[in-house]
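One-based numbering, in listed order, for ligands and for the atoms of each.
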Amino acid sequence: MTIGILDSGLGGYSVYHALRGAYPNASFLFLADQLNAPFGDKTKDQILEIACDAMTWFEKQGIKEVLVACNTISALVIDEIKPIYPHLKITGIIDLTVNQFKNNPVEEILVLATAGTINSLAYPYKFEKLLSKKHISSKALPLLVPQLEGLAPQEEIKAYLEESLLPYKNKTQGVVLACTHYPLVKNIVEEFLEVPSYDSLVPIINHFSNRDLPLGSSKVLTTKDPLYMAKQIQTLFNKDEIVYLTQVEHADRRCK
Ligand code: DGL
């Protein structure tokens, strides 16, 4: 059975794109809930509703397994949605992302993410709990997802990042790109801070290795504007993708 992938937009596409590259014959169905993007500035209740509505949508498609390719949902509500959908295997990405540091000696780590993820404290908590790493600084970048989704000029994105990251220059040994949109700015971050960055893509690919994946076709759907999403993908990933329109219905009573 096809594996579902969920995010607010291009972040999930970066995951979908990486998984398609690694497992070209496997079947994935990516739901980009761009109508509700960005997720990063939403309250926990709003994120719970968005996540639940999407899980109900996946259930209706006959999906049995969903990868939440979104740190904000993973940070805020993953433990709450799992018991609401006992027949869905739901995987968040924070443990996967943190665990890649298992045998990595870096201690001074900077986490970059949405405001929702940063305010949840999920990353410092998991770094300490799973790996006993305590020197974690965090910086929210609330403008970055709107800039990427809005296809803002590179110079504008670079200026925002450099201004935001200046206080962390020479003070960190590694950066976690803890929003799935951020691999799109990996080079800018690494060049400015002059340290390596770590995102969720390799841990996600590894997560799906050593098991049989469902074979078949894959598909990208958006809740907003398929032609615009195809243009975003062409601009940022240099890829021709057919994007389909779908509607996610609201008010699943199980989530109230
Ligand atoms: N890409 C998502 C994340 O990893 C959501 C970003 C957003 O919509 O603000 O957090």
Side-chain angles (χ1 to χ4, degrees), residues 4-19 28 30-55 66-79 81 90-98 100 110-126 138-152 157 160-161 164 175-186 189 197-205 207 220-225 228-229 232-233 236-237 248:
I5 299 175
L6 171 65
D7 185 43
S8 63
L10 298 169
Y13 190 80
S14 73
V15 172
Y16 175 86
H17 186 250
L19 284 171
F28 298 101
F30 167 40
L31 174 64
D33 190 1
Q34 291 184 304
L35 207 53
N36 284 310
F39 290 172
D41 61 359
K42 303 247 177 333
T43 64
K44 185 174 170 176
D45 283 351
Q46 288 173 314
I47 294 295
L48 182 62
E49 195 170 332
I50 287 169
C52 278
D53 292 339
M55 292 306 155
V66 178
L67 173 76
V68 176
C70 170
N71 285 272
T72 310
I73 295 178
S74 302
L76 288 171
V77 298
I78 199 86
D79 292 335
I81 52 176
I90 300 173
T91 307
I93 55 175
I94 295 187
D95 287 14
L96 293 176
T97 308
V98 168
Q100 73 186 305
L110 171 64
V111 177
L112 301 178
T114 65
T117 300
I118 296 299
N119 293 338
S120 76
L121 302 178
Y123 270 90
Y125 174 75
K126 291 285 182 178
S138 301
K139 174 73 182 160
L141 298 170
L143 295 187
L144 189 51
V145 168
Q147 282 178 330
L148 291 167
E149 290 283 332
L151 297 177
I157 294 175
Y160 174 58
L161 280 171
S164 306
V175 184
V176 187
L177 303 177
C179 169
T180 50
H181 280 73
Y182 297 2
L184 287 165
V185 296
K186 186 181 175 76
V189 172
S197 74
Y198 306 81
D199 55 42
S200 310
L201 299 179
V202 171
I204 289 173
I205 289 171
H207 172 73
V220 178
L221 298 105
T222 179
T223 54
K224 199 171 178 190
D225 180 345
Y228 181 64
M229 187 172 188
Q232 290 174 311
I233 292 169
L236 293 170
F237 295 85
V248 172

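- In this structure, the separation between OG1 on Thr180 and CD1 on Ile73 is 9.5 Å, given to the nearest 0.5 Å.
- Judged by distance alone, the side chains of Asp7 and Tyr16 never bring a donor and an acceptor atom under 3.5 Å apart.
- Ring orientation note: the planes of Phe30 and Tyr13 are tilted relative to one another, at an angle of 30° to 60°.
- The 4.0 Å heavy-atom shell around ligand 1 contains residues Asp7, Ser8, Pro38, Phe39, Gly40, Cys70, Asn71, Thr72, Thr114, Val145, Cys179, Thr180, His181, ordered by chain and number.
- Remark: Pro146 engages Pro38 in a side chain to side chain contact (heavy atoms under 4.5 Å, CB included) (not counting sequence neighbours).
- At a threshold of 4.5 Å between non-hydrogen side-chain atoms, the residues Glu149 and Lys224 do not count as touching.
- Note that OH of Tyr182 and OG of Ser14 are 12.0 Å apart. Values are rounded to the nearest 0.5 Å.
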